[in-house]
Amino acid sequence: MAKMTIDGTEIEVEDGITVLQACEQAGVEIPRFCYHERLSIAGNCRMCLVEMERAPKPIASCSMPVGDGMVIKTNTETVKNARNGVMEFLLINHPLDCPICDQGGECDLQDQAMAYGFDHSRFKENKRSVTDKNLGPLVETHMTRCIHCTRCIRFSTEVAGVEVLGATGRGENMEVGTYVEQAISSELSANIIDLCPVGALTSKPYAFEARPWELTKTESVDVMDAVGSNIRVDSRGREVMRVLPMLNEDVNEEWISDKTRYACDGLARQRLDKPYMKVDGKLQAASWHDAFDAIGGKVRGLDGSKIGAIAGDMCDAEAMTALKDLMTALGSNNIDCRQDGAKLTAGARAGYTFNTTIAGIEDADACLIVGSNPRLEAPIINARLRKRMVEGGFKVGMVGEAVDLTYRYEHLGAGPQTLKEIADGTHSFCEILKSAERPMIIVGQGALTHADGVAVLAAARKIADTTGMIAEDWNGFNVLHTAAGRVAGLDLGLVPGEGGKDVAGILDGAASGDIEVVYLLAADEIDTAKLANAFVIYQGHHGDAGAHIADIVLPGAAYTEKEGTYVNTEGRVQRGRRATFPPGDAREDWAILRALSEVLGKTLPYNNLAQVRARMVEIAPLLDQLEVVTPSAWADFGQAGSLDGGPFASPITNFYMTDPISRASATMAACTEAFVETGEKTGTDG
Amino acid sequence: MTEQPATFAFDADNQALADKHIAKYPEGRQASAVLPLLDIAQRQCDGWLPRAAMDYIAEMLDMAPIRVYEVVSFYEMYHDTPRGKHELRVCTTTPCWLRGSADIVSACEDEMGCKVGETSPDGVFSLGEFECLGACVNAPVVWIDDDYYEDVDPDSARKLIQAFRKGERPEPGPMTDRQKSAPAGGPTTLTGAGE
């Protein structure tokens, strides 16, 4: 600990931190542009100058380590002049763009110029101008506004692991860019927009759309993947204008993936805003009353075993609670939330969650990835793995596709054979896992949806047991989900009951006529062709695959339009909040199921959100534990079997389009065109 | 956009030279050799660095290509566009300027038929201005390829250009009868030594 004096107040701080951090701990604000707590220290903006006793001139507090007995002054005339001077230099070449700049109103430079700058300019010469760069469909550049803080360069190099941005030229000719024109092919690229302290990097899809003070800000949770990134939904009227990250050290730090951020324009397209009924083979708008009557006519009196229900990937726990209760009331055991057919069971929670926790990755020292491409399935988790890798002393082995994860790993093999060798202890990577103090394994959906999925799960469990991944204070067994609703679905037991049919069974049953009615709760990632003969009720928010095959369409709410509970891959329970109202006649999903239950004569016993949640917690008590990960007891799961199928493949081939919302998004379509269809880079002929 | 060759590779001699430079640095620090390697590549490519060469060096040193582009664009001695056969740079910093470097620049521009920062129409010269070349004692200084030509005046500058154009390579050093950087007009001290 170091004792120091900041503005006359004595404070004791840890060794090794910087003067700037110490000032923050003392409650003194230091202006800065280049410094960012999650990036390396550059020290090039000079805005954080403070006075240090016995130093001949002001020091850059962001890069000065604290020392015992230091006396720092931040409120003297020297400091004021220093800030004034730095500000004046920064503004020399910064255009007076504020009225037409998208950063206006949330701009560090604007704010700090107000707080620390002069009230006039002494610079009479011409300002320099810089050619804008093309960084792809997400990031708009106005490079004339750049103040060379290099945050974007450091982010893409250090966090995203895509080393394409750099500063070329020198002095006044220095430019931030890629030199060879290319888009930034990272799933985290748009975070540089948040990092940019000025309006040099702004959001392309959001360009000239709104001003920050016009927006209503709602704190919520993302459902584009199973990470459960904390987000802020900015809306104006009925429209979601943009999605920004919220700080949560345990989950997403302060990053979000490009899909989380930009799929939101899909919320305004392809929406189901009123009920539809199929009349003469064509869907026609109908009233709620008629739609419910039609369902009632078909379902009433039908044997429960002829009804099946599938819950989709983005469902909230409330809706799934209502669906499960309704199916139980109808006497049906045919219910499933595993659209992709993952061989996970609803039993032991340790067997289907990310037990290590996302923050826990930073404590691990070896990792085996099985059948997953975390870069596409959960970019935020991949960034944590990379963060751990950059720290050093971390070995990663991969069984599956040899993909670019942005960090080095050892590719052990493509499929189950390699996994078997590791489980049997004959593979050389076993030694690495055994000698590690806190080894972990990540089993992806690519492995669990494999034909040998059950045996894969058992083998993974065996590896966890035999290589010391399970200890009193450490659980290294992890399942990486891709669906935001999956863990809640398994918690609530949305799996086939006694003698019930799973997704494949329901689809086959529908094809053969064993199942007459299929209820799709926002389920689109299934082979809908098999449902042609069945009476399909689709409840969801987008006119996607499920709605196209449906006989009755019930318009539900998307994740920004309802109060919903989601459980992320770690098992962390989080609440999404309503930012806008659902369009037209659409309603919250649990309420639709509740209303339908009454028509079917099986009225569900809840009339408001609090009652649904009480019922939800009754089924799965853990759903009451908000914001935390409750450690699960190690238990038995999986079933040993033959491991001899083909290689594992990640379920995601196009990161930008994985669900009905992102498939409806024009921005995601542009990204698909830029990054997926033409290969990673947009080419050198740009 | 400049026409870029599709590929680049060191020839055998240069590869050996490059290996020698890389070997100077400890394992994992090969990137330190980027400056000499770029210089070798630039000499092999007639005075400029095509993108293929920068990518080649990035690959060889296990660096991201952008890090090499940054270096190339930072230093004035590296060029990312084709240059004339000879690189001629006039020092225009204060001591040389006081001794008439501005006239030398005009003479060069006139003789070459191009402005500072350009390449002459015959492709023989690229003309540049440079900050202090550190040879002020022999100001004004002109730097052609690897050699300093010192105590230059407009006339001798023209003669130098004509000589290079003919493919000759005049002896570097002072353009007057001065001996290296000894006093102009002969020794002024120790004149009686040896008597």
Side-chain angles (χ1 to χ4, degrees), chain A residues 40 42 44 130-131 133-136 141 143 146 148-186 189 192 386 389-390 392-393 404-408 680-686, chain B residues 1-8 26-32 34-35 37-39 41-42 45 48-83 89 92-93 116-118 128-132:
Chain A
S40 62
N44 51 17
V130 181
T131 328
K133 313 284 184 287
N134 180 4
L135 298 184
T141 64
M143 296 318 285
C146 177
H148 304 148
C149 71
T150 68
R151 275 186 187 178
C152 53
I153 299 174
R154 282 175 285 147
F155 175 83
S156 53
T157 306
E158 294 162 15
V159 180
V162 178
E163 222 171 333
V164 292
L165 276 175
T168 54
R170 68 194 294 182
E172 205 195 27
N173 299 319
M174 176 172 151
E175 291 186 21
V176 171
T178 52
Y179 187 79
V180 181
E181 188 174 284
Q182 58 176 293
I184 308 176
S185 55
S186 161
S189 67
I192 62 175
R386 182 181 154 76
M389 178 61 86
V390 169
D404 177 10
L405 290 181
T406 71
Y407 45 85
R408 269 165 223 245
E680 285 255 285
K681 306 233 156 57
T682 49
T684 48
D685 51 348
Chain B
M1 201 70 197
T2 320
E3 205 170 302
Q4 296 275 353
T7 54
F8 172 87
E27 186 66 31
R29 305 278 176 197
Q30 295 84 349
S32 301
V34 68
L35 290 176
L37 260 61
L38 283 170
D39 182 56
Q42 179 160 291
C45 296
W48 72 292
L49 284 161
R51 198 184 306 140
M54 295 190 264
D55 291 344
Y56 178 80
I57 290 172
E59 171 93 45
M60 183 176 275
L61 300 178
D62 196 17
M63 301 165 79
I66 181 70
R67 300 280 97 88
V68 179
Y69 307 152
E70 283 179 328
V71 169
V72 169
S73 63
F74 185 85
Y75 290 104
E76 303 230 355
M77 282 98 132
Y78 298 123
H79 306 289
D80 60 358
T81 46
R83 309 289 292 179
R89 290 154 286 204
T92 52
T93 310
V116 168
E118 294 174 356
E129 280 182 349
F130 228 74
E131 294 308 318
C132 189

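Labels below follow one simple rule: chain letters A, B, ... track the order of the sequence lines, proteins then strands, and each chain is numbered from 1.
For Tyr78(B), the ring pair (Phe, Tyr, Trp, His ring centres under 6.0 Å) criterion is met by no residue, not counting sequence neighbours. Qualifying side chain to side chain contact (heavy atoms under 4.5 Å, CB included) partners for Glu172(A), counting only residues two or more places apart in sequence or in other chains: Asn93(A), Arg128(A). With sequence neighbours excluded, the residues forming a ring pair (Phe, Tyr, Trp, His ring centres under 6.0 Å) with Tyr56(B) are Phe8(B), Phe10(B), listed by chain and number.
In this structure, chain B has a heavy atom under 4.5 Å from the backbone of Leu165(A), while its side chain stays farther away.
Between the side chains of Thr168(A) and Glu175(A), not a single donor N or O lies within less than 3.5 Å of an accepting N or O.
By the 4.5 Å heavy-atom criterion applied to side chains, Lys133(A) and Thr178(A) are not counted as neighbours.
Residues of residues 64-74 of chain B placed with any heavy atom under 4.5 Å of a heavy atom in chain A are listed by number as Ala64(B), Ile66(B), Arg67(B), Tyr69(B), Glu70(B), Ser73(B), Phe74(B).
Within a 6.0 Å radius of CZ in Arg29(B), other residues, nucleotides and ligands contribute 12 heavy atoms or fewer.
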